[in-house]
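Below is one structure; the comments refer to it alone.
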Amino acid sequence: MKFHYLLVDDLLPKGEFERRVEKKVAESGDLLDERTAAMVVVKDLGRAHIRIRDLAAAPSLACFFAKVLSIEEPREFERPDGTTGIVASVMVGDETGRARLTLWDEKAGGVREIDVGDVLEVLGRPKGRGKTPDVTAVAVQEAACEITCPEETGVSALPESGRDLDVRLIAVESPRAFTRRDGSAGEMVEAVIGNEDGVFRLVAWAPAVLLGVETGRNVVIRGATARESDQGIEYSLGEAASVTPSDREITLPFKTVADVEEGESYSLAGTVASVQPPHSFTTRSGRQSSVRNLVAADGTGEIAVVIWGEKAEEHLVPGDRIEIYNATARRGRYGDLELHLSWGSALVVLAEEEKEVEVVGTIIATGQGVCIDTGDSCYILAEPLPIGYEVRARGTVHRGVIALHHIEAALPDTQDLERRLDRFSGKP
């Protein structure tokens, strides 16, 4: 009964749901068992089970029956924060299509209790709008019904290998060295791409494939190979792949802060309300990494953002306009929702025009670096200067950083000093 109540917990209290289920059982003359009666109550409340083909248009929580087609063994992985997680993947299907069911942590261990051919009743959160929906499992239980899953449903478990992708190249990270199985050295580049179907991780095993391609451009990628990972579908490129410009219009799937729910992945646009300096730490595997916290805001609210790895070193200042891609929503230490950027995520800082300024202020040290503090604003110096000096400076400001063209010592304003002393001493 708890399983089905999750579908309607926003509509009525649990006690009322249980009362209605008991009433259905009694009205049937005990012909309905508790599970069937619960399904009838859910249907009466307008939350009926759906078919797999309807998952793309489903609300944030959906319930459906499906047959188990294949099972991946649970495996451990290291999260960017150094903790260990467990994930398992189950491909399921019905008469209308197939879906990839992802089970995390304690739910992942439960796949050892199911077999190919079993029929499940799944309560999950659909994400992505591709032909094969990805569903994060909230609850799963065996079902006593028959499902015919044709060999050919018109939907494949994965996008075809070698297919052409019309996408936007959202972000590209720095090349990273790796060692091949034969012991030889190689380089790879990770990127993030997106289109109307979602945002995906891309790995180029031949970095030259992405050379000269500007981020933010719409491109056609030929020769991409798709595979399933714990983060969903990702693509890889070999030496035979190619990336060329595209004129096709692409609309990326943005949400708002108000849309964010635990356990889902989101892309949204906003501004940096506040930001903390990055911190280095050592993962359990002994690898050095970084983490950074900021608060992002849009017209619907604010949300904490946690940035892991190389992305944490990005220069950021309050007021920056940013776009966040493929960030996972989790509960933080104090129960608040946070967006976490790690593998397959991207943080894009939108361009801002440079401006010429002339300022008078004091050179001070801050967590962001050495700055000129004018009393009203604080400009980070592109090149640090000795701390404590009062200066008059001209320069170009871009995203809170000032590149100086001219600097000279500033004589104290005696009247201003007197006003400050009066404020400190409490004089009217």
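From a predicted model like this one, the values you see are computed outputs, not experimental measurements.
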Practice task
Begin with the C-alpha distance, continue with both residues' side-chain angles, and end with the deciding distance and a verdict on side chain to side chain contact (heavy atoms under 4.5 Å, CB included) for F64 and V92.
Solution key: CA-CA 11 Å; F64 60 97; V92 297; 4.3 Å; yes
Practice task
Test side chain to side chain contact (heavy atoms under 4.5 Å, CB included) on R222 and T244 and set out the steps.
Solution key: CA-CA 8 Å; R222 294 182 172 87; T244 56; 3.2 Å; yes
Handout entry: Worked check of side chain to side chain contact (heavy atoms under 4.5 Å, CB included) between V87 and R75
Key = CA-CA 6 Å; V87 64; R75 63 182 181 85; 4.1 Å; yes
Exercise for the section: Kindly indicate, with the supporting measurements, whether the criterion side chain to side chain contact (heavy atoms under 4.5 Å, CB included) is fulfilled by V360 and E390. Expected result: CA-CA 7 Å; V360 176; E390 191 85 9; 4.2 Å; yes
Practice task
Evaluate the side-chain hydrogen bond (donor to acceptor under 3.5 Å, both in side chains) criterion for residues D94 and T96: first the C-alpha distance (whole Å), next the side-chain angles of each, then the deciding distance (0.1 Å), finally the verdict.
Solution key: CA-CA 5 Å; D94 66 8; T96 68; 2.7 Å; yes
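The heavy-atom pair separating V189 from P207 by the smallest distance is CG2-CB, 3.6 Å. Between E302 and V257, the shortest heavy-atom distance links the atoms O-CG1, 3.7 Å. Closest heavy-atom contact between V260 and L337: O-CD1, 3.5 Å. Between L120 and A143 the shortest heavy-atom distance is C-CB, 4.1 Å. The nearest pair of heavy atoms linking P74 to A88 is CA-CB, 4.0 Å. Of all heavy-atom pairs between A137 and L101, the closest is CB-CD1, 3.8 Å.
In the displayed structure, E249 atom CD is contacted under 6.0 Å by at most 12 heavy atoms of other residues, nucleotides or ligands. More than 12 non-hydrogen atoms from other residues, nucleotides or ligands lie less than 6.0 angstrom from CD of E356. Remark: R217 CZ is loosely packed, at most 12 non-hydrogen atoms of other residues, nucleotides or ligands lying under 6.0 Å away. In E113, the CD atom is not crowded: 12 or fewer heavy atoms of neighbouring residues, nucleotides or ligands sit closer than 6.0 Å.
Between F254 and Y325, the ring planes are tilted. Angles from 30° to 60° get that label.
Separation of atoms CZ (R98) and CG (L69) is listed at 5.5 Å; rounding is to 0.5 Å. One finds the OG atom of S242 at 9.0 Å from the CD1 atom of I221 (value rounded to the nearest 0.5 Å). To the nearest 0.5 Å, atoms CZ (F200) and CD (E234) are separated by 11.5 Å. Atom CD1 of I193 sits about 5.0 Å away from atom CG of L202, to the nearest 0.5 Å. Here the straight-line distance linking atom SG of C371 with atom CG of L385 works out to 11.0 Å at 0.5 Å rounding. Once rounded to the nearest 0.5 Å, the distance linking CD1 of I303 with CG of L339 reads 4.0 Å.
Sequence neighbours left out, not one pair with a member in residues 379-399 passes ring pair (Phe, Tyr, Trp, His ring centres under 6.0 Å).
Of the possible polar contacts, one joining the E196 side chain to the T251 backbone as a donor-acceptor pair under 3.5 Å is found. Without hydrogens or angle criteria, N326 side chain to G344 main chain gives a donor-acceptor distance under 3.5 Å. Without hydrogens or angle criteria, N293 side chain to V306 main chain gives no donor-acceptor distance under 3.5 Å.
Within the 4.5 Å cutoff, the side chain of L268 has no heavy atoms near those of the D259 side chain. Between V219 and V167, the closest side-chain pair of non-hydrogen atoms falls below 4.5 Å. Side-chain atoms of S267 and E323, non-hydrogen and from C-beta on, never get closer than 4.5 Å to each other. Contact annotation: the side chain of E314 never approaches that of I307 to less than 4.5 Å [non-hydrogen atoms, C-beta and beyond]. With a 4.5 Å cut-off on side-chain heavy atoms, L55 and I50 count as touching. S289 has its side chain out of reach of W308: every pair of non-hydrogen atoms, C-beta onward, lies at least 4.5 Å apart. V348 is listed as a side-chain neighbour of L350, based on a closest heavy-atom distance under 4.5 Å. Considering only heavy atoms from C-beta on, M188 comes within 4.5 Å of V203 through its side chain.
Tested against R168 for a side chain to side chain donor-acceptor pair (under 3.5 Å), the candidates N218, T215, N195 yield a single pass: N218. With E261 as the fixed residue, the salt bridge (charged side-chain N to carboxylate O under 4.0 Å, His left out) test singles out one of R125, R330, R331: R125. Partner of L347 under the side chain to side chain contact (heavy atoms under 4.5 Å, CB included) criterion, out of I170, L341, V305: L341 alone. Of the candidates L294, T271, V275, P318 forms a side chain to side chain contact (heavy atoms under 4.5 Å, CB included) with just one, namely V275.
In this structure, a donor-acceptor pair under 3.5 Å is present between the side chains of T102 and R100. Using modelled atom types and a 3.5 Å distance limit, the side chains of E313 and S290 yield a donor-acceptor pair.
Using a cutoff of 4.0 Å between basic side-chain nitrogens and carboxylate oxygens, E173 and K311 are scored as salt-bridged. With salt bridges taken as basic N to acidic carboxylate O contacts below 4.0 Å, none links K255 and E264. The residues R201 and E190 are annotated as salt-bridged, a charged nitrogen and a carboxylate oxygen being separated by less than 4.0 angstrom.
D320 pairs by the side-chain hydrogen bond (donor to acceptor under 3.5 Å, both in side chains) definition with R399, not counting sequence neighbours.
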